[in-house]
Amino acid sequence: MLQSENVMGDRLLAALEHMEQGSDGVFDSLDRFLRKKAIKQLASRAGRYCGGGGNWMNDPDAVND
């Protein structure tokens with residue numbers, strides 16, 4: 001659009017706003033994915049350590065999982 005001779009400011013602004021909304025959607029999806037992954041990892045650690053009497057706070061391997 002920038003290279004076109006018929007670029008209208010309103011069209012360019014609308015295109016940029018549409019692009020920004022799409023970008024926001026991508027980041028929202030990534031944030032949800034990372035939150036779900038973190039919850040699964042915490043649940044997995046809780047399952048491993050709650051029943052066995054281990055203390056994940058003192059387990060160096062738990063930090064790297």
Side-chain angles (χ1 to χ4, degrees):
M1 287 181 71
L2 289 174
Q3 294 176 354
S4 170
E5 294 178 20
N6 299 324
V7 173
M8 300 173 70
D10 292 340
R11 285 183 55 210
L12 179 59
L13 182 59
L16 290 172
E17 288 174 355
H18 183 71
M19 183 177 67
E20 185 176 1
Q21 289 172 356
S23 175
D24 289 345
V26 169
F27 281 103
D28 289 343
S29 294
L30 289 171
D31 287 341
R32 281 193 308 273
F33 171 78
L34 291 174
R35 277 194 301 272
K36 286 180 183 180
K37 183 176 179 181
I39 289 169
K40 285 181 182 180
Q41 287 177 340
L42 288 172
S44 175
R45 289 179 187 158
R48 279 193 306 223
Y49 294 101
C50 288
N55 184 349
W56 68 272
M57 294 288 287
N58 295 323
D59 185 347
D61 291 330
V63 175
N64 297 319
D65 284 348

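Neither F33 nor F27 shares a network with the other; the hydrophobic side chains, linked directly or stepwise wherever heavy atoms of I, L, V, M, F, W or Y lie under 4.5 Å apart, form separate groups for each.
Expressed to the nearest 0.5 Å, how far CD of E17 lies from CG of L13 amounts to 4.0 Å. Considering OG of S44 and CD1 of I39, their distance stands at 13.5 Å, rounded to 0.5 Å. Rounded to the nearest 0.5 angstrom, K37 NZ and L42 CG are separated by 12.0 Å.
Considering only heavy atoms from C-beta on, L16 stays 4.5 Å or farther from E20 through its side chain.
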